[in-house]
Amino acid sequence: MGLDDIRRRIEAAELAAGRAPGSVTLIAVSKVQPANRVEAVLEAGQHVFGENYVQEAQGKWPGWRSRFAGVELHMIGPVQSNKAKAAVELFDAIHTLDRMTLARKLAHQMAEQGRRPQLFIQVNTGDEPQKAGILVDELPGFLASCRDLGLNPEGLMCIPPEDEDPIPHFRTLCRLADENGLALLSMGMSADFEAAIAEGATHVRVGSAIFGARDYG
Ligand SMILES: *Cc1c(COP(=O)(O)O)cnc(C)c1O
């Protein structure tokens, strides 16, 4: 299994960056993975997981949560507005706050349910037309509007364009977090989590390097 190897590589990257051991949270991205692979990783003591689809997570996690203590579930995929209720019920963190309509729905549901999942704002660091995320220039205004709603985003998240060097995107995200007083940075996936840690990631989202390739068939 890739979990031990990824843990070692995270530790080495923390050390190389002069960062405290354990300062980076590994989110094991379990979307689409077969149950036996996820259970092996749970049994190995991993308790922080990421999912992309509300419905898929609703089907899988209540059962595992009753069998494994301390599971922490992070939503890292797009949240449709009509899934805000379920997302607040199910997740301990949401990395993909990316528009005002969703912010309003989440604020409403958080008040209604008395739950406060940790929030990250997704930033479209590449200013890609079709991509989710707040544009770089619009972040300060969006953050202020979220705070007006009583939300307290604690960090930023990005998915760099696939065909580009991710490092400039990681740097942009880090600078934006500094400028806006946000402590957490969700960045880095299987192919680039070490580079993300060097640039200040506090949360890395690693799927295939832990579980093996995803089979969407
Ligand atoms: C699927 C996914 C990941 C994990 O990707 P890998 O390349 O398998 O590590 C990380 N972040 C997001 C937003 C994802 O959708």
Side-chain angles (χ1 to χ4, degrees), residues 1-10 13 24-38 40-42 44 46-61 72-80 83 87 90-99 102 117-126 128 130-134 153-167 169-170 172-174 176-177 184-217:
M1 183 202 344
L3 179 65
D4 291 336
D5 175 52
I6 298 303
R7 283 181 171 163
R8 272 192 296 270
R9 286 169 59 189
I10 288 173
V24 176
T25 298
L26 169 61
I27 302 172
V29 177
S30 49
K31 65 176 174 216
V32 193
Q33 295 288 354
N36 63 323
R37 290 190 193 166
V38 181
V41 168
L42 278 160
Q46 174 68 22
H47 65 274
V48 184
F49 289 83
E51 289 284 345
N52 283 61
Y53 312 100
V54 172
Q55 217 159 344
E56 182 191 344
Q58 270 177 319
K60 301 192 309 193
W61 282 97
E72 193 182 301
L73 216 49
H74 291 239
M75 179 54 175
I76 62 167
V79 181
Q80 293 167 273
K83 292 286 191 329
L90 190 61
F91 291 101
D92 303 292
I94 297 172
H95 291 235
T96 46
L97 174 52
D98 63 353
R99 59 196 192 280
L102 180 60
Q118 190 171 52
L119 296 177
F120 295 73
I121 296 172
Q122 182 172 354
V123 181
N124 184 352
T125 53
E128 295 172 280
Q130 297 304 322
K131 191 122 155 204
I134 300 298
E154 292 176 60
L156 301 177
M157 176 270 210
C158 74
I159 307 172
E162 261 179 51
D163 52 353
E164 283 183 32
D165 178 0
I167 291 177
H169 297 276
F170 296 156
T172 297
L173 203 68
C174 187
L176 291 170
L184 305 180
L185 284 172
S186 167
M187 57 190 199
M189 320 199 331
S190 288
D192 53 21
F193 67 89
E194 285 146 318
I197 290 169
E199 301 301 334
T202 61
H203 292 67
V204 293
R205 311 178 307 264
V206 181
S208 43
I210 293 176
F211 295 101
R214 282 180 292 275
D215 180 3
Y216 287 95

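In listed order, ligands and their atoms are each counted from 1. No experiment lies behind these values; they were computed from the predicted model shown.
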>> Strictly under 4.0 angstrom, heavy-atom based: which residues surround ligand 1?
In response: V29, K31, N52, I76, M157, I159, M189, S190, R205, V206, G207, S208, R214
> Can you name the side chain to side chain contact (heavy atoms under 4.5 Å, CB included) partners of A195, sequence neighbours left out?
Replying inline: I167, F170
>> Contact between V204 and I6 at the side-chain level, heavy atoms closer than 4.5 Å - yes or no?
In response: no
> Is it true that D5 and R9 make a salt bridge, defined as a side-chain N closer than 4.0 Å to a carboxylate O?
Replying inline: yes
> Under 4.5 Å between any side-chain heavy atoms of V29 and I210, yes or no?
Replying inline: no
> Do the side chains of P117 and D92 get nearer than 4.5 Å, heavy atoms only?
Replying inline: no
>> Side chains of E56 and V32, heavy atoms from C-beta outward: is any pair under 4.5 Å?
In response: yes
